[in-house]
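Single-structure report; data block below.
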Amino acid sequence: MRAAHPLPGATGIVRRVTLRTLLAGASLAVLAQAAPGPARAQDAAPRRGAAAAPAGSSVQLEELSVESQGGGGPASAVRAGAPARAVESPTGPIDGYVARRSATATKTNTPLIETPQSITVVGRQQIDTQNAQTLQQATQYVAGTYAGTFGADSRLDYFQLRGFVASDYGLYRDGLQLLNYGFAYYRVNTYGLERVEVLRGPAAVLFGAGNPGGLINQVTKRPTETPFGSIEVGGGSFDQRYAAFDVGGPADREGHWFTRLTGYARNGGTQVQGAPDDSYYIAPAFTYKPDGATRLTILSSFQRDNSAVTSNFLPYYGTVKPTALGLRIPRALNVGDAGFNTFRRDQAFIGYEFEHAFDETWTVRQNARYAFAESYQNSYIGQLGYADPQQTQLARYLFRDHAKVAQLDVDTQAEAQFSDGFFRHDFLMGVEYRNFQIHDNQASGFPAPNLNILAPVYGPQTVSASPYLINADSFQQVGLYFQDQIKLTPELSLILGGRQDFVDNRVYDRLTPANSNGRNDSAFTYRAAAIYNFDFGLAPYVMYSTSFQPLIGTDINSQTFKPETGDQIEGGVKFEPPGQGYFLTFAGFDIHRNNVLTPNPANTLFQSQLGAVRSTGFEAQLVANLFDGLNVVGSFTVFGINTVRGTVDQLGRVPVNTPENLANLFFDYTIPTGDWRGFGFGGGVRYIGRSFADVGNTLRLPDYVLFDAQVHYDYENWRFQVNATNLADRRFVSSCQAQNSCFYGDARRVLAKISYKW
């Protein structure tokens, strides 16, 4: 079985030189200069404490590999005698669970140990081991991340990073934003991803958007230089079944064309009775490399989803607490109607990544993507509480939405790696253009028939929907940015960056044209950070950065929202001892966020802007390949978040939906030798702290603990695996948006799969 390897230099071309010779008075600095690509200053020079070769002596060197990747950081020289290891691509597979490099935090190919910001990378192997079917499941062991605010929702992935919602403006794919506004949301199939990178803290200096909590970048599978193939079938709870395939490799003998085709199909039900969850995904991709300096990769995909509203809007009493009769609403209750509880979505992506290296100094890139999605939703919704004193009749209304979105993103960059005679520089500058268009038609109908939670009766739709919002929103943004990664010494790195954004935001009200309005905004954001890398793997760092997020849409009074702004100071320590196979990060942070959106208490279909919210806390993340066959992931997060400027009843209160304490641990062990070779097992435990269901913090949701488990067996190219999440089938409420808007979390889910690779 051959593993799939990404094309060399996924974000930059690889330049390699191999030396095996006797050199008099040799030094690693001289050897690094022999490579066509420049080497990092700290790698070229001997580490402090290393013995220098006396002048005139002969030194026997083992094979030395010097590699430079134009995607951002200069090469790292491999020390003589060190074991050979393939250089990890920031968009390629991870060896085990511990990633070494990423391009999300800096837009350059930078080692994580040299990145002065908290970031966690979830690779393909971890996603497969957990059999994560959604992005929410793939990130549930990541520090600072609460995935699942709206519970068991088959329509979208919903996240909070450091207490702030990140699933609207903070979702990215391959470094380009996926805007999720209103009820038109993109959702990327996790089978088509190579890795998921969770960057915590403001990132507007490079991306021009996102709140100060951070962002999640989904990295797509790319064509490989090695031929490979994989097929997989599985199924389990709620009559779910799926099949998937992934094939790729060179398409010609000369090594200029490479292809990859990924497909996935799923159908079955959900934990809500009568609610389907069907999805079909296909993703062709190819790469053209006419020479070692130029590369063009085309990435495309199409996805169709047919589901329902499964994140039922339920009352606090009947879910978190019993009703007046001591009852609980069944977790499987379909609050809509099995006949017309509908959610459908078609989405398509087409884009390219182009790179050309002019010489050893200059490299230019352009990444572009056009995205389209159309969604339709029609269902009865709760959210109105009970219609009777006994609390057995749920009041409902009809909600319908039809939305079309189109988004074009183009990011053009130029990177220069050079020395000014004193310091090494990795200088990046670029211009980014974003154009987002949405046509949104929202309608509601009152009153819908009440639903008896003890004996639900369904029937044909009896209420017609009347539109209350028909908008055509246009959003355009242009950003000019720069960043300089400076090596002041071999150990001390400084990052300075800034960005100027210009935004045009227009809302065309088709129902009431007189309410059409818009605004132009501009802002400058910046980041300053420093990190010191000790030889033994310790790296303390400090960072200050600001954020700017223009907001699409209007409030209940048809007023265009002001942009959000924010800032954060973060300090922490990273620890990656050489050769030990684990990566540990500690980070403390203090975030201020202004003009925050929150559901309007008078009508939760609209939003209002608060004054300011502050989040201050601490997080720790461990990712480890402890020894052959054992992988471990763990995290701990504790923070305090409260409103510091707003109405009287909001001041000093914790925002709804937001747990302040998170902790988890996951492990997987595969027996490497002996009669039981290939057999593996593992599991995880997840702790989610308390949260609140109302602005005044009088309605409390208790904390809860969930357990996961998996068992698998590898035989030659075959793999047999069974996963169970929420193993004890604990009945819990993931969060409440308001007293009548609470959401049940995922029930126990068991999935078995068989896969074959070649």
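No side-chain N or O of Glu232 forms a donor-acceptor pair with one of Tyr264 less than 3.5 Å apart. Looking at Glu619 and Ser118, their side chains do bring a donor and an acceptor atom within 3.5 Å of each other. Using a 3.5 Å distance cut-off with no hydrogens or angles, the side chains of Thr224 and Thr226 do not pair a donor with an acceptor. Side-chain contact check for Ser307 and Arg345: no donor-acceptor pair (N or O, by modelled atom type) lies under 3.5 Å. Between the side chains of Gln133 and Arg749, no donor-acceptor pair of N or O atoms lies under 3.5 Å. There is no side-chain donor-acceptor pair under 3.5 Å between Asn631 and Gln126. Residues Thr287 and Arg295 have side chains that never bring a donor and an acceptor to within less than 3.5 angstrom of each other.
Of the possible donor and acceptor atoms, one in the side chain of Asn625 sits under 3.5 Å from a partner among the backbone N and O of Asp95. Remark: side-chain polar atoms of Glu660 are not paired, donor with acceptor, to backbone N or O of Gly689 under 3.5 angstrom. Using a distance-only test at 3.5 Å, with no hydrogens or angles considered, no donor-acceptor pair links the side chain of Asn312 to the main chain of Leu314. Looking only at distances, a side-chain donor or acceptor of Thr190 sits under 3.5 Å from a matching main-chain atom of Ala132.
Taking the side chain as every heavy atom from C-beta outward, Val122 and Val198 never approach each other to under 4.5 Å. A heavy-atom distance below 4.5 Å is not found between the side chains of Ser734 and Phe150. Contact check for Arg162 versus Phe639: no side-chain heavy atoms found under the 4.5 Å cut-off. Residues Phe245 and Ile282 are in side-chain contact: their nearest non-hydrogen atoms beyond the backbone lie under 4.5 Å apart. Side-chain contact between Asn109 and Ser89 is absent, with no heavy-atom pair separated by less than 4.5 Å. Side-chain atoms of Arg124 and Ile94, non-hydrogen and from C-beta on, never get closer than 4.5 Å to each other. When side chains are defined from C-beta on, Ser311 counts as touching Arg155, because their heavy atoms get closer than 4.5 Å. Between Arg719 and Lys757, every side-chain heavy-atom pair lies at or beyond the 4.5 Å cut-off.
Interatomic distance, CG of Leu299 versus CD of Glu353, reported as 5.0 Å (0.5 Å rounding). Expressed to the nearest 0.5 Å, how far CZ of Phe302 lies from CD of Gln347 amounts to 9.0 Å. Distance check: Ile671 CD1 to Leu630 CG gives 12.0 Å after rounding to the nearest 0.5 Å. To the nearest 0.5 Å, atom CG of residue Asp746 and atom OG1 of residue Thr134 are 7.5 Å apart. In this structure, Ser735 OG and Leu701 CG are separated by 7.5 Å, a value rounded to the nearest 0.5 Å. Between atom NE2 of residue His712 and atom OG1 of residue Thr670 there is a gap of 4.0 Å, rounded to the nearest 0.5 Å.
Ring pair Trp676/Phe679 is perpendicular by interplanar angle, where above 60° counts as perpendicular and below 30° as parallel. Taking the six-membered ring where the residue is Trp, Phe343 and Tyr185 present tilted rings, their angle falling between 30° and 60°. The aromatic rings of Tyr141 and Phe666 sit tilted, their planes meeting at an angle between 30° and 60°. Under the 30°/60° scheme for interplanar angles, the aromatic rings of Phe681 and Tyr669 are found to stand perpendicular. Ring geometry, Phe618 versus Phe636: the interplanar angle falls from 30° to 60°, so the pair is classed tilted. The aromatic rings of Tyr288 and His256 sit perpendicular to each other, their planes meeting at more than 60°, with 30° as the lower class boundary.
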For side chain to side chain donor-acceptor pair (under 3.5 Å), just list the numbers for Thr120 and Arg200, CA-CA rounded to whole Å, side-chain angles, deciding distance to a tenth of an Å, and then say yes or no.
CA-CA 8 Å; Thr120 301; Arg200 295 177 291 281; 3.0 Å; yes

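Classification of Glu576 and Lys574 as a salt-bridged pair fails, no side-chain N sitting under 4.0 Å from a carboxylate O. Taking 4.0 Å as the cut-off between side-chain N and carboxylate O, Arg195 and Glu88 count as a salt-bridged pair. A salt bridge links Asp174 to Arg222: one of the charged nitrogens lies within less than 4.0 Å of a carboxylate oxygen. No salt bridge links Asp703 with Arg690; every basic N to acidic carboxylate O contact stays at or beyond 4.0 Å. The pair Asp305-Arg187 does not meet the salt-bridge criterion, since no charged nitrogen lies less than 4.0 angstrom from a carboxylate oxygen.
Residue Tyr97 comes nearest to Val623 through the heavy atom pair O-CG1, 3.2 Å, listed as atom of the first residue, atom of the second, then distance. Scanning both residues, Ser154 and Thr310, for their nearest heavy atoms gives N-OG1, 3.0 Å. In terms of heavy-atom proximity, Gly268 sits nearest to Gln240 at C-NE2, 3.6 Å.
Each of Asn726, Asn664, Asp708 was scored for a side-chain hydrogen bond (donor to acceptor under 3.5 Å, both in side chains) with Arg686, with one residue passing: Asp708. When the options Val219, Asn217, Leu135 are evaluated for a side-chain contact (heavy atoms from CB on, under 4.5 Å) with Val196, the one that passes is Leu135. Each of Asp277, Asp278, Asp239 was compared with Arg266 under the salt bridge (Lys or Arg N to Asp or Glu O under 4.0 Å) criterion, and only Asp277 meets it.
Enclosure of atom OH in Tyr715 is not indicated, since only 12 or fewer non-hydrogen atoms of other residues, nucleotides or ligands lie within 6.0 angstrom. For CZ of Arg328, the number of neighbouring non-hydrogen atoms (other residues, nucleotides, ligands) closer than 6.0 Å is greater than 12. Counted within 6.0 Å of CZ on Arg730, heavy atoms from surrounding residues, nucleotides or ligands total more than 12; the atom is thus considered enclosed.
For Tyr186 and Phe349, the gap between ring centers is short of 6.0 Å.
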